[in-house]
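Data first, discussion second: the structure below is written as structure tokens.
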Amino acid sequence: MLELFHFLPPLLSGLWVTIQLAFGGSILAVLAAFAVGLLRLSRKAGLRIAATAYTDFFRGTSALVQLFWVYFALPFWGVELDAMTAGIVVLGLNHGAYGAEVVRGAVQAVPRPQYEAAAALNFTERQTLWRIILPQALPAMLPPFGNLLIELLKSTALVSMITLGDLTFQGQILRAATLRSGEIFTLVLLLYFMLALSISFGVRRLERRLAVGRVRRRPMVAADV
């Protein structure tokens with residue numbers, strides 16, 4: 001059992017790389033999801049077409065091939081990214097395409113009378129979006145966003161194919177050196193599981209905070225009525 005602790009230092013160095021990839025990719029994915037998801041609901045056809053093309057392209061092609069293209073092919077056009085940046089960009093844009101559909105669906109699920117009430121109060125489109133629509137749509141987005149971020153975490157293992165020493169890569173190096181496949185990959189699985197649990201915990205905590213805010217606001221609305 002104590003021998004397992006000798007494997008931890010190299011695995012933890014790979015874990016730090018995985019955390020950086022997951023964190024950076026998650027931020028980019030959420031930003032892309034909101035931007036593209038809202039653009040898909042734009043009244044301007046050009047913006048809708050561009051947003052649809054983005055989602056279709058990233059959902060319709062392999063994330064691994066996207067990673068290879070950004071890291072190995074893009075330099076031929078004069079754009080060279082280091083492995084970490086390439087991993088964050090590809091993971092963020094790829095999962096942002098799926099997240100855009102979550103945002104679009106949640107916004108469309110807000111009942112139509114809410115839009116009509118905002119119009120009756122002379123709210124601008126921006127005020128309607130930020131004060132009426134998004135506060136109601138956000139709780140519906142959180143569970144699928146939690147699943148999406150866990151999928152992004154698991155996809156970070158792809159970056160080992162572009163020489164980045166993430167958790168999976170370090171596990172493979174250790175396995176080749178020691179032939180202790182069972183112990184090493186059990187540790188790798190547990191470390192991924194702990195990260196996934198952390199994401200689930202954070203999302204559930206955010207859900208509870210939003211639910212408390214909605215419950216507290218209801219009596220005020222009822223009193224106003």
Quiz item: Can you name the closest pair of heavy atoms from Ala86 and Ile162 and give their distance?
Solution: CB-CD1, 4.4 Å
Quiz item: When clusters are formed by joining ILVMFWY residues with side-chain heavy atoms under 4.5 Å apart, either directly or through shared neighbours, do Leu38 and Phe145 land in the same one?
Solution: yes
Self-check item: Heavy-atom closest pair, residues Ile150 and Ser200
Solution: CD1-OG, 3.4 Å
Quiz item: Can you check whether Val17 reaches Met84 side chain to side chain, under 4.5 Å on heavy atoms?
Solution: yes
Practice problem: Compare every heavy atom of Thr128 with every heavy atom of Ala118, then report the nearest pair and how far apart it is. | Solution: CB-OG1, 3.5 Å
Quiz item: Below 4.5 Å, heavy atoms only, C-beta onward: do Thr163 and Phe169 meet side chain to side chain?
Solution: no
Quiz item: Any chain of hydrophobic side-chain contacts (each under 4.5 Å) joining Leu149 to Leu138?
Solution: yes
Exercise. Grab the two heavy atoms, one from Gly146 and one from Ile199, that are nearest each other, plus how far apart they are.
Key: O-CG2, 4.2 Å
Exercise. State, yes or no, whether a side-chain contact exists between Leu15 and Leu12 at a heavy-atom distance under 4.5 Å.
Key: yes
Quiz item: Within the distance-only criterion (no hydrogens, no angle test), does the side chain of Thr18 pair as donor or acceptor with the backbone N or O of Leu167 below 3.5 angstrom?
Solution: yes
Quiz item: Run the salt bridge (charged side-chain N to carboxylate O under 4.0 Å, His left out) check on Arg204 and Glu207 step by step: do they pass?
Solution: CA-CA 5 Å; Arg204 281 199 294 268; Glu207 281 185 74; over 6 Å; no
Practice problem: Indicate yes or no: does Glu125 engage Arg43 in a salt bridge with an N to O separation below 4.0 Å. | Solution: yes
Exercise. Considering only NZ, NE, NH1 and NH2 on the basic side and carboxylate oxygens on the acidic side, decide whether Arg104 and Glu101 come within less than 4.0 Å.
Key: yes
Quiz item: Taking the side chain as C-beta and beyond, is there a heavy-atom pair between Ser155 and Asn94 under 4.5 Å?
Solution: no
Quiz item: Around atom CZ of Phe72, are there more than 12 heavy atoms of other residues, nucleotides or ligands at under 6.0 Å?
Solution: yes
Quiz item: With the 4.5 Å side-chain cut-off for hydrophobic clustering, are Phe201 and Phe23 part of the same group?
Solution: no
Quiz item: Would Thr55 and Tyr98 count as having a side-chain donor-acceptor pair, cut-off 3.5 Å?
Solution: no
Practice problem: For Arg131, look at atom CZ and say whether over 12 heavy atoms of other residues, nucleotides or ligands are found less than 6.0 Å away. | Solution: no
Quiz item: So which residues get pulled into Phe57's cluster when ILVMFWY side chains under 4.5 Å apart are joined, directly or through others?
Solution: Leu28, Val36, Tyr54, Phe58, Val89, Leu93
Exercise. Starting from Leu197, walk the hydrophobic network (Ile, Leu, Val, Met, Phe, Trp, Tyr; side-chain heavy atoms closer than 4.5 Å) and list everyone else you reach, by chain and number.
Key: Phe193
Quiz item: Is the number of heavy atoms from other residues, nucleotides or ligands within 6.0 Å of CD (Gln108) greater than 12?
Solution: yes
Quiz item: Side chains of Ile132 and Phe123: does their closest heavy-atom pair fall under 4.5 Å?
Solution: yes
Quiz prompt | Approximate separation, where rounding is to 0.5 Å, of Thr168 OG1 and Leu189 CG | solution = 9.0 Å
Self-check item: Heavy-atom side-chain proximity of Tyr71 to Leu81 below 4.5 angstrom
Solution: no
Quiz prompt | Rounded distance (nearest 0.5 Å) linking atom CH2 of Trp77 with atom CG of Leu74 | solution = 7.5 Å
Practice problem: Show your reasoning for whether side-chain contact (heavy atoms from CB on, under 4.5 Å) applies to Asp166 and Gln170. | Solution: CA-CA 6 Å; Asp166 73 317; Gln170 293 294 351; over 6 Å; no
Quiz item: Are any of the side-chain heavy atoms of Ile88 and Gln20 separated by less than 4.5 Å?
Solution: no
Exercise. Measure the spacing between CD of Glu151 and NE2 of His95 and express it to the nearest 0.5 Å.
Key: 6.0 Å
Practice problem: Any chance you could measure Glu116, atom CD, to Leu121, atom CG, to the nearest 0.5 Å? | Solution: 12.0 Å
Quiz prompt | Exercise: identify the closest heavy-atom pair between Ala32 and Gly96 | solution = CB-CA, 4.2 Å
Quiz item: Is any side-chain heavy atom of Thr61 closer than 4.5 Å to a side-chain heavy atom of Trp69?
Solution: no
Quiz item: Could you go step by step and tell me if Arg48 and Leu39 meet the side-chain contact (heavy atoms from CB on, under 4.5 Å) rule?
Solution: CA-CA 6 Å; Arg48 285 201 311 275; Leu39 284 178; over 6 Å; no
Quiz item: With no hydrogens and no angle check, is any side-chain donor or acceptor of Arg40 less than 3.5 Å from a backbone partner on Ala51?
Solution: no
Quiz item: Can you tell me if CE on Met161 sees more than 12 non-hydrogen neighbours from other groups inside 6.0 Å?
Solution: no
Exercise. Tell me, please, whether Tyr115 has Arg112 positioned over its six-membered ring: NZ or CZ under 6.0 Å from the ring centre and within 45 degrees of its axis?
Key: yes
Self-check item: Which atom of Leu174 lies closest to which atom of Pro10, heavy atoms considered
Solution: CD1-CG, 3.8 Å
Quiz item: Mind checking whether Tyr192 and Leu187 sit in one hydrophobic cluster, side chains of I, L, V, M, F, W, Y counted as touching below 4.5 Å?
Solution: yes
Quiz item: Same cluster for Leu152 and Phe34 if Ile/Leu/Val/Met/Phe/Trp/Tyr side chains link at under 4.5 Å?
Solution: no
Quiz item: In Å and rounded to the nearest 0.5 Å, what is the CG to CG distance from Leu164 to Leu158?
Solution: 11.5 Å
Quiz item: What distance do Leu153 atom CG and Ser26 atom OG have between them, rounded to the nearest 0.5 Å?
Solution: 8.0 Å
